[in-house]
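Below: the structure, in structure tokens.
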Amino acid sequence: MIRRALTDQQWERIKDMVPGKAGDRGRTGTDTRLFIDAVLWIARTGAPWRDLPPEFGPWYTVYTRFWRWSRKGVWERLFKHLREDPDFEYLIIDSTIVRAHQHAAGAKGGLRIRPSDARAEG
């Protein structure tokens, strides 16, 4: 059993906007909510697609569906829809969430402005 990332309330907000539901052209997705949970797992952990837990299904199938949705603009439409009424569940940003590059710490000095030769002589 896997832990769901989407709450029932969040799923209700987007379920009618995602492709692959009954009534859509083409193949119907087997479990679209599970697929979105898999994508959220990848985003949350930063793991490579190959490390996706098998409970989400074959990693390549999930990746291919993610890529197709990206190409068709599904993610962009979802984000635009959700930004109209944000729930601010993940609004806090601090150093435990945002990682800095190893060279971002310990800078010495800073920008040094040297006068040009013409100014130095005058």
Side-chain angles (χ1 to χ4, degrees):
M1 183 172 165
I2 58 168
R3 204 171 77 185
R4 295 276 189 179
L6 283 178
T7 64
D8 292 337
Q9 183 182 14
Q10 291 167 331
W11 174 244
E12 287 298 319
R13 287 181 67 188
I14 65 169
K15 73 177 184 177
D16 295 329
M17 298 185 64
V18 296
K21 58 190 174 297
D24 287 351
R25 284 183 31 201
R27 185 170 177 198
T28 304
T30 53
D31 190 347
T32 303
R33 184 174 177 181
L34 182 65
F35 161 70
I36 293 175
D37 279 331
V39 172
L40 291 173
W41 186 89
I42 290 290
R44 186 175 61 248
T45 63
W49 285 102
R50 290 180 186 266
D51 291 344
L52 186 69
E55 294 83 11
F56 290 113
W59 73 267
Y60 190 76
T61 303
V62 175
Y63 167 76
T64 302
R65 192 172 180 187
F66 170 80
W67 179 75
R68 287 179 181 155
W69 279 28
S70 298
R71 194 177 60 187
K72 291 179 181 179
V74 175
W75 297 113
E76 187 174 352
R77 282 194 307 273
L78 283 174
F79 293 144
K80 285 181 179 178
H81 172 72
L82 293 173
R83 78 176 179 200
E84 293 171 4
D85 185 23
D87 62 6
F88 297 114
E89 184 176 347
Y90 295 106
L91 186 62
I92 299 171
I93 298 176
D94 64 8
S95 63
T96 61
I97 297 170
V98 179
R99 295 188 327 178
H101 190 272
Q102 62 186 1
H103 299 287
K108 306 236 179 187
L111 181 63
R112 294 183 188 172
I113 300 174
R114 297 181 184 160
S116 68
D117 290 340
R119 287 188 193 166
E121 293 178 8

Residues in ring-ring contact (aromatic ring centres under 6.0 Å, His included) contact with Tyr63, at least two apart in sequence or another chain: Trp49
Gln9 CD: over 12 foreign heavy atoms closer than 6.0 Å: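 Incorrect, the count does not exceed 12.
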Could you tell me if the side chain of [Y] sits less than 4.5 Å from the side chain of [X], heavy atoms only?
X	Y	result
Trp11	Val18	yes
Arg33	Asp8	yes
Ile42	Val62	no

Closest heavy-atom pair and its distance - Thr32, Trp69: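 Closest approach of Thr32 to Trp69: CG2-CH2, 3.7 Å.
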Heavy-atom closest contact (Met17 atom, Arg77 atom, distance):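 That closest heavy-atom pairing would be CE-O, 3.8 Å.
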Interatomic spacing from CZ in Phe79 to CD1 in Ile14 - rounded to 0.5 Å: 9.5 Å
Atom pair OH/CH2 of Tyr60 and Trp67 - distance to nearest 0.5 Å: 8.5 Å
Pair Trp75-Val39, side chain to side chain contact (heavy atoms under 4.5 Å, CB included): steps then yes or no: CA-CA 11 Å; Trp75 297 113; Val39 172; 4.0 Å; yes
Gln10 side-chain N/O to Thr7 backbone N/O, donor-acceptor pair under 3.5 Å: yes
Set of side chain to side chain contact (heavy atoms under 4.5 Å, CB included) partners for Arg68, sequence neighbours left out: Thr64, Arg71
Under the side chain to side chain contact (heavy atoms under 4.5 Å, CB included) test, residues paired with Thr45 that sit two or more places apart: Trp41, Ala47
